[in-house]
Amino acid sequence: MVTSNLRYLRKKAGYTQAQLAEKLDIKRSLVGAYEEGRAEPKLSTLVNIAHLFSITLDELITTDLANTPAVGATPKATDGKLRVLAITVDGDDKENIELVPLKASAGYLNGYADPEFIEELPRFRLPMLGNSGTFRAFEISGDSMLPITSGTVIVGRYIEDWKTIKDGTPCIIVSQKEGVVFKRIYNKLQDAAVLRLHSDNPVYSPYELHVEDILEIWEAKSYISSTFPIADLSLDKLSSIVLDLQKEMQKLKKVD
């Protein structure tokens with residue numbers, strides 16, 4: 001019963017074997033062995049499985065959960081707010097990195113939890129990131145995070161527990177209010193239930209985003225860009241150039 005229940009719970013929650021193994025703090029090969037009946041989980045592992053999916057140990061061991069859909073099968077959210085993460089995997093059950101291009105950013109706000117929407121996104125793999133965590137790539141726009149330029153693709157690792165975010169961490173934040181943005185986070189969740197978002201470009205002022213407005217957070221781990229950094233050009237100089245360009249644009253608008 002445990003064999004079929006574990007497979008059912010994992011698939012209903014949308015976890016790969018690697019994801020479930022990480023959450024249970026066991027090897028991925030063990031998850032496969034449990035699901036195929038080649039090994040039996042320890043009591044401590046059974047308890048962790050039941051806790052993760054909000055079911056009793058008795059239900060996990062004795063109940064056919066696939067035919068009792070009202071029982072559990074939903075992983076707990078670490079901050080009291082349930083978030084469903086849709087993913088895709090390749091033929092070897094390894095997670096892909098889905099790419100959210102600029103033209104799909106607006107649709108992502110409605111389709112981020114829809115497996116069919118995620119399935120339609122371009123996807124790729126970066127072996128150097130390893131198998132620790134779930135990754136997604138977002139194409140950013142604007143100059144708020146110079147010297148990372150508009151059009152750069154930021155690859156982020158999914159953050160499940162937002163309370164663990166350290167001040168100054170660069171992240172992709174997905175929210176209904178701001179859309180998809182790339183900022184540095186300063187964590188004020190415990191004191192005020194908000195995150196303070198800072199741009200690397202000092203032209204842009206920091207602002208706060210309430211936790212209830214946030215859909216997903218992805219910690220920036222890598223980036224892909226077709227624009228190479230300009231040698232010997234400091235952030236202050238870049239900001240000055242941007243300001244000058246903005247002033248020139250204003251002058252041109254007044255002339256028109």
Side-chain angles (χ1 to χ4, degrees), residues 10-25 27-29 31-32 75 77-78 82-142 144-145 147-162 164-166 169-176 178-185 197 200 214-229:
R10 177 178 65 80
K11 291 186 176 181
K12 186 169 183 180
Y15 292 150
T16 63
Q17 289 185 350
Q19 278 184 306
L20 182 57
E22 183 180 1
K23 291 182 179 299
L24 297 176
D25 195 24
K27 294 181 179 179
R28 177 185 171 183
S29 58
V31 175
T78 55
L82 179 64
R83 294 185 295 277
V84 179
L85 182 63
I87 62 170
T88 62
V89 296
D90 62 16
D92 296 322
D93 202 32
K94 295 181 179 179
E95 289 187 39
N96 297 308
I97 300 174
E98 297 85 15
L99 169 64
V100 183
L102 284 176
K103 62 182 180 180
S105 294
Y108 187 77
L109 299 183
N110 295 319
Y112 69 97
D114 182 356
E116 292 185 2
F117 176 86
I118 299 301
E119 181 70 26
E120 295 300 318
L121 293 173
R123 48 191 180 269
F124 61 99
R125 288 187 55 77
L126 289 175
M128 73 283 291
L129 293 176
N131 295 318
S132 178
T134 295
F135 295 87
R136 190 153 294 165
F138 299 83
E139 184 181 4
I140 63 170
S141 63
S144 68
M145 291 296 282
I148 295 179
T149 58
S150 184
T152 297
V153 173
I154 305 295
V155 180
R157 184 172 64 187
Y158 183 69
I159 299 179
E160 186 172 0
D161 187 355
W162 301 342
T164 64
I165 301 174
K166 296 180 179 179
T169 302
C171 294
I172 290 288
I173 302 98
V174 182
S175 72
Q176 292 291 358
E178 295 291 330
V180 177
V181 297
F182 179 42
K183 302 291 181 183
R184 291 190 185 275
I185 287 180
L197 308 186
D200 283 350
I214 301 171
L215 302 175
E216 292 179 344
I217 301 177
W218 302 78
E219 180 183 356
K221 288 297 183 181
S222 181
Y223 70 90
I224 304 168
S225 177
S226 59
T227 303
F228 288 88

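These numbers come from the heavy atoms of this one structure, side chains and all, not from hydrogens, waters or symmetry mates.
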TODO: Could you check whether the rings of Tyr108 and Phe138 sit parallel, tilted or perpendicular, using 30° and 60° as the cut-offs?
DONE: perpendicular
Task: Basic-acidic side-chain contact under 4.0 Å: Arg123, Glu98 - done: no
Task: Candidate list Ile154, Val100, Val155, test side-chain contact (heavy atoms from CB on, under 4.5 Å), partner Ile172, passing option - done: Ile154
TODO: Look at atom OH of Tyr223 and say whether more than 12 heavy atoms of other residues, nucleotides or ligands are closer to it than 6.0 Å.
DONE: no
Open item on the list: Just so I know, are the side chains of Leu109 and Val174 near enough to count as touching, which here means a heavy-atom distance under 4.5 Å?
Closed with: yes
Task: For the student: nearest non-hydrogen atoms of Asp161 and Thr164, plus distance - done: O-OG1, 2.7 Å
Task: Glu120 side chain reached by Asp114 side chain, heavy atoms, under 4.5 Å - done: no
Open item on the list: Quick check against the 3.5 Å criterion: does Arg10 have a side-chain atom that pairs as donor or acceptor with the backbone of Tyr15?
Closed with: yes
Task: Arg157 backbone acceptor or donor facing Glu219 side chain under 3.5 Å - done: no
Open item on the list: Closer than 4.0 angstrom, basic N to acidic O: yes or no for Lys183 and Glu178?
Closed with: no
- [ ] For the pair Glu22 (side chain) and Gln19 (backbone), establish whether a donor and an acceptor sit closer than 3.5 Å, ignoring hydrogens and angles.
- [x] no
Open item on the list: If you compare all heavy atoms of Ile148 against all heavy atoms of Ile140, which two are closest, and at what distance to 0.1 Å?
Closed with: CG2-CD1, 3.8 Å
Task: Side chain to side chain, Thr227 and Thr152, heavy atoms closer than 4.5 Å - done: no
Open item on the list: Quick check: closest heavy atoms across Ser150 and Gly142, and the distance to 0.1 Å?
Closed with: OG-N, 3.1 Å
Task: From Ile97 atom CD1 to Ile87 atom CD1, the distance as rounded to the nearest 0.5 Å - done: 12.5 Å
- [ ] Compare every heavy atom of Phe182 with every heavy atom of Pro170, then report the nearest pair and how far apart it is.
- [x] CB-CE1, 3.9 Å
- [ ] Grab the two heavy atoms, one from Leu129 and one from Ser222, that are nearest each other, plus how far apart they are.
- [x] CD2-CB, 4.4 Å
Task: Shortest non-hydrogen separation from Pro122 to Pro101 and the atoms involved - done: CD-CD, 4.5 Å
Open item on the list: How about CG on Asp90, more than 12 heavy atoms from neighbouring residues, nucleotides or ligands closer than 6.0 Å, or not?
Closed with: yes
- [ ] Flag the pair Leu121 / Leu99 as yes when at least one side-chain heavy-atom distance between them is below 4.5 Å, and no otherwise.
- [x] no
TODO: Output, in order, the C-alpha distance, side-chain angles, deciding distance and verdict of side chain to side chain donor-acceptor pair (under 3.5 Å) for Glu95 and Thr134.
DONE: CA-CA 7 Å; Glu95 289 187 39; Thr134 295; 2.9 Å; yes
Task: Any Ser225 side-chain heavy atom under 4.5 Å of Thr149 side chain - done: yes
Task: Interatomic distance, Glu119 atom CD to Thr88 atom OG1 [nearest 0.5 angstrom] - done: 6.0 Å
- [ ] Would you check if Met145 and Arg184 make a side-chain contact, meaning some heavy-atom pair closer than 4.5 Å?
- [x] yes
Open item on the list: Ile173 and side-chain contact (heavy atoms from CB on, under 4.5 Å): which single residue from Leu215, Leu197, Ile159 fits?
Closed with: Leu197
Task: Side chains of Lys94 and Val89 in contact at under 4.5 Å (non-hydrogen atoms) - done: no
Task: Candidates Tyr158, Tyr112, Trp162, Phe135 - the one meeting ring pair (Phe, Tyr, Trp, His ring centres under 6.0 Å) with Trp218 - done: Tyr158
